[in-house]
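Below: the structure, in structure tokens.
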Amino acid sequence: MATNPPPRRLRLGVNIDHVATVRNARGSAYPDPVRAAKLAEAAGADGITAHLREDRRHISDSDIERLVDVLDVPLNFEMAPTDEMQAIAMQHKPHAVCIVPEKREELTTEGGLDIARDENRLAHFIAPLRDAGCRVSMFVAADRHQIEAAHRIGAQVVELHAGAYCDSFSEGNLEESAVELEKLRDMASFAHTLGLEVHAGHGFTFDTVKPVAAFPEVQELNIGHFLIGEAIFVGLDAAIREMRRLMDEARA
Ligand code: PXP
């Protein structure tokens, strides 16, 4: 299938969830994730990502309201496919929504969506969001069947779960990491040939970002935990600028 070449510039979405995790650890008003979002904007973030979880363990409803009010860059609202989250998304109509699986007991989003198994429900779930003008992204493993299902239900974007690649690299399992990287490469290309916009996220660090940033089909990376952790040592501005520099270098 003929597809247009993807734009050369790679966007960086900064996920600010874990600023809220630190705030909530003490039940205080600080550090404020909205302040972090504005700093991220000033440091060159192309978008801000926030995941309102069912248990509100980090981002709160009022954080989302304030982000909608103050952001100058697009908000990517991460959400589980539940009626509650759909209603909140329809109220705010953010630039983008990213549909993710959510299990209450998990530490983070552990895997991609099983769209193939829940295709009918998810097709009906995303239709009003898309009709309301939100760019709909589905968070999936680098798996051909899931990508095909995302395409069939009418999503505009797939975000490829990079966790298996990043985690195996961080654990020193370089062979497995190389295998996972190849899967990401193949599936980025496959998704692009279907006409889907391709994003990637989960687990990126300065050490793992460049190989994926170099894939020409990938148009956006969403990065959070590492940047917020690195900010403790060098500040958020410097952490984001370094990530941006590495992404640009990989893309050059
Ligand atoms: N993209 C999605 C869909 C996610 O669920 C997450 C984690 O919340 C990220 C990107 C960011 O992952 P990390 O915080 O590991 O950079």
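Every number for a ligand or one of its atoms is a count from 1 in the order of the listing. Residue numbers run from 1 in the order of the sequence given. Note that the coordinates shown come from a computational prediction; the quantities given were computed from them, not determined experimentally.
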Distance-only polar pair, side chains of Thr49 and Asn76, donor-acceptor under 3.5 Å: yes

- prompt: Should you measure from each heavy atom of Asn15, which atoms of ligand 1 turn up under 4.0 Å away?
  reply: 8 (O)

Student check: side-chain heavy atoms of Phe206 and Glu230 closer than 4.5 Å: yes

- request: Have a look at ligand 1 and work out which part of His161, if any, has a heavy atom under 4.0 Å from it: side chain, backbone, both or neither.
  value: neither

- line: CD (Glu217) and NE2 (His192) are apart, to the nearest 0.5 Å, by 6.0 Å

- line: A student checking ligand 1 against Asn222 at a 4.0 Å heavy-atom cut-off should list atoms 10 (C), 11 (C)

task: Over 60° means perpendicular and under 30° means parallel, so classify the ring planes of His18 and His58, tilted if in between.
output: perpendicular

Close N or O approach (His225, ligand 1; < 3.5 Å): yes

task: Take Glu176 and Asn173, measure what side chain to side chain donor-acceptor pair (under 3.5 Å) needs, and give me the verdict at the end.
output: CA-CA 6 Å; Glu176 188 183 329; Asn173 192 342; 3.0 Å; yes

task: Find all atoms of ligand 1 within a distance of less than 4.0 Å from any non-hydrogen atom belonging to Gly224, and give their numbers and elements.
output: 13 (P), 14 (O), 16 (O)

- prompt: N/O of Glu78 under 3.5 Å from N/O of ligand 1, yes or no?
  reply: yes

statement: Taking only non-hydrogen atoms of Gly203 and a 4.0 Å limit, the atoms of ligand 1 in range are 12 (O), 13 (P), 15 (O), 16 (O)

query: Can you check whether Phe226 has an N/O within less than 3.5 Å of an N/O in ligand 1?
result: no

Proximal atoms of ligand 1 relative to Ile223 (non-hydrogen, under 4.0 Å): 16 (O)

- prompt: Mind checking whether Glu159 has an N or O less than 3.5 Å away from an N or O of ligand 1?
  reply: yes

field: Where ligand 1 meets Val100 - atom numbers and elements under 4.0 angstrom, heavy-atom basis
entry: 3 (C)

- request: Answer with yes or no whether the side chains of Glu159 and His161 bring together a donor and an acceptor at under 3.5 Å.
  value: no

- prompt: Going by heavy atoms in the side chains, are Glu65 and His92 under 4.5 Å from each other?
  reply: yes

- request: Return yes if some donor-acceptor pair links the side-chain N/O of His124 with the main-chain N/O of Asn120 below 3.5 Å, else return no.
  value: yes

